[in-house]
Asks: 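Once you've had a glance at the structure underneath, I'll fire off some questions.
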Amino acid sequence: MRSRLLGAGLALLSGCTTIVAHTPSGETLEMTPEAFTRYVEQVYRQQSRVTGQLIRAVGNFSEEDIDEDQPLAVAARRMAKACEPFSELVAERVLAELTGAPIDPALVDAVPACEAAAGQLEAALP
């Protein structure tokens with residue numbers, strides 16, 4: 001349901017022909033609004049999948065195994081920090097679709113940052 005709502009809300013993106021985003025590594029991404037919508041959905045699904053994997057992995061740890069400085073914990077904090085603005089902006093964007101508001105420029109660069117952090121966490125998972 002949540003994914004369908006996200007897709008429905010973001011599918012209404014309009015007002016510009018090219019969206020330019022910048023990855024954390026400095027790469028420039030140019031997309032149509034439709035391609036950007038697909039990209040947002042892809043990153044949203046990746047973040048959800050990796051969060052689920054993290055929950056399952058942590059559930060298999062004993063208290064002695066959990067160290068806040070271990071790579072998995074560091075990567076989890078990094079993803080939480082990078083994806084928090086993404087998640088908030090996506091929720092705001094879905095609501096803004098009802099009024100036809102333009103894309104918040106902060107969302108454009110929040111997507112690649114969340115994607116990168118989710119990929120790093122996924123790589124750190126056992």
Side-chain angles (χ1 to χ4, degrees):
M1 172 70 175
R2 185 184 218 183
S3 177
R4 204 170 359 160
L5 177 61
L6 173 66
L10 291 175
L12 298 173
L13 292 174
S14 62
C16 60
T17 57
T18 302
I19 296 172
V20 179
H22 303 282
T23 68
S25 65
E27 180 185 359
T28 299
L29 306 172
E30 294 185 21
M31 297 167 256
T32 65
E34 295 80 15
F36 182 71
T37 296
R38 288 190 301 274
Y39 180 46
V40 170
E41 291 173 352
Q42 169 197 330
V43 173
Y44 185 82
R45 284 189 199 101
Q46 177 189 21
Q47 177 195 10
S48 295
R49 185 185 74 251
V50 171
T51 299
Q53 291 172 341
L54 175 64
I55 290 168
R56 286 186 294 280
V58 170
N60 294 326
F61 290 170
S62 67
E63 285 189 35
E64 297 82 38
D65 293 333
I66 298 175
D67 175 5
E68 68 180 48
D69 294 326
Q70 71 183 28
L72 182 59
V74 171
R77 282 194 305 276
R78 188 178 303 128
M79 187 182 88
K81 183 177 179 181
C83 292
E84 182 178 8
F86 168 73
S87 298
E88 289 176 12
L89 289 164
V90 165
E92 289 174 19
R93 184 68 207 153
V94 169
L95 295 174
E97 289 301 332
L98 299 173
T99 64
I103 297 170
D104 183 336
L107 176 60
V108 174
D109 288 333
V111 181
C114 180
E115 178 184 34
Q120 291 168 353
L121 174 57
E122 191 168 28
L125 285 166

Asks: Identify the heavy atoms of V111 and F36 that sit nearest to each other, and give their distance.
Replies: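 That would be CG2-CZ, 4.0 Å.
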Asks: Just by distance, do the side chain of D109 and the backbone of A21 share a donor-acceptor pair under 3.5 Å?
Replies: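 Pair absent, no side-chain N/O of D109 close to backbone of A21.
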Asks: Who passes side chain to side chain donor-acceptor pair (under 3.5 Å) against Q120, sequence neighbours left out?
Replies: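 Q120 satisfies side chain to side chain donor-acceptor pair (under 3.5 Å) with R78 only.
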Asks: Can you list the residues that meet the side chain to side chain donor-acceptor pair (under 3.5 Å) rule with T23, with sequence neighbours excluded?
Replies: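 Partners of T23 under the side chain to side chain donor-acceptor pair (under 3.5 Å) test: S25.
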Asks: Taking all non-hydrogen atoms of both residues, which atom of A75 and which atom of A124 are closest, and how far apart?
Replies: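 In terms of heavy atoms, the two residues are closest at CB-CB, 4.0 Å.
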Asks: Find out whether V20 and L29 are in side-chain contact, i.e. whether some heavy atom of one side chain is under 4.5 Å from a heavy atom of the other.
Replies: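 Not touching, per the 4.5 Å side-chain cut-off.
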Asks: Would you mind reporting whether C83 and V43 have side-chain heavy atoms less than 4.5 Å apart?
Replies: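 No, side chains not in contact.
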Asks: What's the spacing between R38 CZ and T32 OG1 if we round to 0.5 Å?
Replies: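 Rounded to the nearest 0.5 Å, the CZ-OG1 separation comes out at 6.0 Å.
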Asks: Could you check whether any side-chain heavy atom of Q46 comes within less than 4.5 Å of a side-chain heavy atom of V50, counting everything from C-beta outward?
Replies: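 Touching, per the 4.5 Å side-chain cut-off.
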Asks: Please name the pair of heavy atoms, one in K81 and one in P85, separated by the smallest distance, quoted to 0.1 Å.
Replies: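 Nearest heavy atoms, K81 then P85: O-CD, 3.3 Å.
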Asks: Are I19 and Y39 close enough that some pair of their side-chain heavy atoms sits under 4.5 Å apart?
Replies: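 I19 does not reach Y39 side chain to side chain.
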Asks: So do Q47 and S87 actually touch side chain to side chain, heavy atoms under 4.5 Å?
Replies: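 Heavy-atom side-chain distance check passes, below 4.5 Å.
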Asks: Check for me, please, whether L125 and V74 land in the same ILVMFWY cluster - side-chain distances under 4.5 Å, paths through other members count.
Replies: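 Unlinked, L125 and V74 end up in two clusters.
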Asks: Test: salt bridge (Lys or Arg N to Asp or Glu O under 4.0 Å). Region: residues 116-126. Which pairs qualify, not counting sequence neighbours?
Replies: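 Every salt bridge (Lys or Arg N to Asp or Glu O under 4.0 Å) pair that includes a residue of residues 116-126, provided the two are not neighbours, is R49-E122.
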Asks: Do L121 and L54 touch side chain to side chain, with heavy atoms closer than 4.5 Å?
Replies: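 Yes, side chains in contact.
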